[in-house]
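Since the structure comes first, as structure tokens, the remarks are kept for the end.
Each chain gets a letter, A, B and so on, in the order the sequences are listed, and its residues count up from 1.
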Amino acid sequence: MIKSHESIRNLLQLAPGTAVTARGWVKTRRDSKGVHFIQINDGSCLKDLQVVMEADRAPADLIAKVTTGACIRVEGEMVESPGKGQAVELRGHSLELLGAAPPESYPLQKKKHTLETLREFGHFRARSNTFGAVFRVRNALAFAVHKFFQERGFLYVHTPILTTSDAEGAGAMFQVTTLDLSNPPRLPTTGAIDYSQDFFGKPAYLTVSGQLEAEIFALAFSNVYTFGPTFRAENSNTPRHLAEFWMIEPEMAFCDLTGNMELAEEFLKYLITYVMDHCAADLEFFQQRYEPDLLATLEHVASSDFVRLPYTEAVKILSQASRQWEFPVAWGNDLQSEHERYLTEETFRKPVIVTDYPKQIKAFYMRLNEDGKTVRAMDVLAPGIGEIIGGSQREEREEVLVARIRELGLKEEDYWWYLDLRRYGGVEHSGFGLGFERMMMYVTGMKNIRDVIPFPRTPGHADF
RNA sequence: UCCUCAGUAGCUCAAUGGUAGAGCAUUCGGCUGUUAACCGAAGGGUUGUAGGUUCGAGUCCUACCUGAGGAGCCA
């Protein structure tokens, strides 16, 4: 194991003269008369360590195997570097090849690859500069999520991944079964599949949201959050959708939509600030390679107030805009991508929180406003990303909730425990869901969600 | 799922319907405290697949496969 102080990140901080051992994977090797330059990286930071091997300290047949992708160990001494590009370098005394990477077949070269090509080598792409930076930022961002909530006394709750409630309306679900699919048991009367013989005695699925369970905990622990995998079986082929993604869902009792929005804004700013403070080198890399305005945008978002815009106002702005919409703007229609883009990228140029949507385009559990037409919903729309957060104040009035369930043709008995929460000790409460990978896209400037998750699952793709 | 675009050497890309090329990578040789090192040479291709038009197809047409972008769905 590489101890923390042995990481390349730390070796690069050492004073010249320190004896060290370095281990890592070779990025590139350059040979000169009597001396070899080997750049290695161990993932601890973006920067490589330059190892300098005098030819008489490493036999030629060994050096020949030190190729891009190979894993080596070098013992030697940190010295001041006479060359440009690094303050210190490792003067190697001995070199050991831990794992060769035959160049005839190793798929990665030292020159650049497209992100699409790297995606095909999911088992090697983490060794590239880009994905090294992506996953260091992902690690920091995940830590920041917990830090934010823990500092505020939120309880981290693990909501179930397997669920038998199939009516949350958040999207198509993956069914989970232990039945023999080639010959499932059937009911003699109707011929329908007999799920009483399935593992859970009824149809089961992978979760599409932990929200309903989080509400149970919020009405016991006041402030809670979930952070876990979520699954959607939609046939979505876009740079913004995954079949398996991670979602953060805070849920707060004694909290209305205003408090909900305040938390969402504070949360996003906290995450951005944390990553800027802790991943500066990686963010600079993204700015240089992928998104020239990245740092300015992040600083702008972290320091300016988000726009609060009621849906009705948004419709007004859009209908007065001097442009042709592919999809008509009318009160009652959901906002389309082109509309969201216009609001975030042209009208306001920063995140916009749209609130109080018509009830018919939102979920049954959102609290009905006094006007009887809109609900206390909020979507946080981010420039370039679209919807990054969706949330609402929940309907805590039993009779109103029951009416909404019936209105939508849902079955009351499926929600017996959800309604019980209103019948016994119910109180106003609110929450939202943040797509973790969408946040990753926002802070890194990466344009495809498949490149900010270690192993993307999309229709037709579940390799590695 | 629909629409659009793309698919040529291991990788990144060229090639008015007329002999498939370059850079990098690989192999060999040279030079050099190098910085995606540099210089020279060599090997490397059924142009995604299957049909079709044509004297002749990487190029035009059809279908399919794969990828990307846009849309829908959403986080």
Side-chain angles (χ1 to χ4, degrees), chain A residues 27-39 47-55 64 67-69 79-86 89 91 101-121 124 128-129 168-172 207-211 226-227 229-249 264 326-327 334-341 361-363 379-382 385-391 432-442 447-453 458-461:
Chain A
K27 278 274 171 61
T28 179
R29 186 192 87 223
R30 294 176 292 271
D31 301 318
S32 196
K33 179 100 177 175
V35 59
H36 306 281
F37 300 91
I38 307 163
Q39 269 179 237
K47 202 155 176 49
D48 300 324
L49 173 68
Q50 173 162 280
V51 174
V52 183
M53 292 300 299
E54 304 281 351
T67 53
T68 300
V79 298
E80 220 169 289
S81 176
K84 287 179 189 165
Q86 60 281 318
E89 62 191 20
R91 178 164 296 272
E104 309 81 35
S105 52
Y106 185 65
L108 302 188
Q109 56 171 41
K110 62 188 176 185
K111 281 196 91 168
K112 71 173 181 188
H113 294 78
T114 62
L115 294 170
E116 292 78 26
T117 300
L118 286 169
R119 231 173 273 149
E120 290 170 26
F121 301 111
F124 292 133
S128 66
N129 288 333
E168 289 169 18
T207 183
V208 292
S209 166
Q211 180 201 314
T226 73
F227 184 7
T230 309
F231 307 88
R232 302 278 167 88
E234 245 114 39
N235 191 10
S236 296
N237 293 288
T238 84
R240 305 181 302 282
H241 290 86
L242 291 164
E244 177 183 288
F245 63 100
W246 287 64
M247 189 153 66
I248 298 135
E249 296 175 288
E326 190 182 339
F327 294 88
D334 205 354
L335 299 183
Q336 304 294 318
S337 290
E338 57 173 344
H339 307 143
E340 296 180 353
R341 286 208 145 132
I361 58 174
K362 287 295 179 184
D379 285 355
V380 181
L381 310 177
I385 311 286
E387 185 178 339
I388 194 167
I389 280 180
F432 61 81
L434 169 70
F436 186 61
E437 284 76 18
R438 296 231 174 130
M439 191 61 194
M440 276 294 295
M441 293 171 73
Y442 198 60
K447 301 292 188 292
N448 192 314
I449 200 167
R450 289 167 274 217
D451 296 325
V452 297
I453 189 169
T458 53
H461 297 278

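Here A/Ser337 reaches the OP1 or OP2 of B/G72: one of its side-chain N or O atoms lies under 4.0 Å away. Applying the 4.0 Å criterion to OP1 and OP2 of B/G69, one finds that A/Asn448 has a side-chain N or O inside that range. Between A/Arg240 and B/A71 there is a side-chain N or O to OP1 or OP2 distance below 4.0 Å. Here A/Thr117 reaches the OP1 or OP2 of B/U12: one of its side-chain N or O atoms lies under 4.0 Å away. Of the side-chain N and O atoms in A/Thr114, one or more sit less than 4.0 angstrom from OP1 or OP2 of B/U12. Between A/Thr28 and the phosphate of B/A37, there is a side-chain N or O to OP1/OP2 separation shorter than 4.0 Å. Distances shorter than 4.0 Å separate none of the side-chain N or O atoms of A/Arg30 from OP1 or OP2 on B/U34. For the pair A/Arg450 and B/G69, the criterion of a side-chain N or O lying under 4.0 Å from OP1 or OP2 is met.
The nucleotide B/A68 finds its pairing partner in B/U4, both defining distances of the Watson-Crick or G-U wobble pair being shorter than 3.5 Å. Applying the Watson-Crick and G-U wobble criteria (two distances, each under 3.5 Å), B/A57 pairs with nothing in any strand. Nucleotide B/A37 forms no Watson-Crick or G-U wobble pair with any nucleotide shown, as no partner meets the under 3.5 Å limit on both distances. Summarising the base pairing, B/U49 is matched to B/A63 through a Watson-Crick or G-U wobble pair whose two defining distances lie under 3.5 Å. Shown here, B/G23 forms a base pair with B/C11; the pair counts as Watson-Crick or G-U wobble because both key distances fall under 3.5 Å.
In the interface, the side chain of A/Asn237 is paired with the base of B/U1 through a donor and an acceptor atom under 3.5 Å apart. Side-chain to base pairing of A/Ser236 with B/C73: one donor and one acceptor N or O lie within less than 3.5 Å of each other. No donor-acceptor contact under 3.5 Å links the side chain of A/His113 to the base of B/C11.
Looking at heavy-atom distances under 4.0 Å, A/Phe327 makes contact with sugar-phosphate atoms alone, never a base. Residue-level contact check: A/Gly83 touches the bases, meaning some heavy atom is under 4.0 Å from a base atom. The residue A/Gln50 sits close to a base: some heavy atom pair falls under 4.0 Å. The residue A/Leu242 sits close to a base: some heavy atom pair falls under 4.0 Å. When heavy atoms are screened at a 4.0 angstrom cut-off, A/Pro103 is found touching the sugar-phosphate backbone but no base atom.
Residue A/Ile388 holds its CD1 atom at 12.5 Å from CZ of A/Arg240, rounded to the nearest 0.5 Å. Separating the CD atom in A/Glu80 from the CD atom in A/Gln86 is a distance of 11.5 Å, to the nearest 0.5 Å.
Taking the 5.5 Å centre cut-off and the 30° plane limit, the aromatic side chain of A/Phe37 is not classed as stacked on B/A37.
The shortest heavy-atom contact between A/Leu118 and A/Ser128 is CD1-OG, 4.2 Å.
When each of A/Phe121 and A/Thr238 is assigned the nucleotide of RNA chain B bearing its nearest heavy atom, the one mapping closer to the 5' terminus is A/Phe121. Where A/Arg91 and A/Gly390 meet RNA chain B, the nucleotide closest to each residue was compared, and A/Arg91 sits on the side nearer the 5' end.
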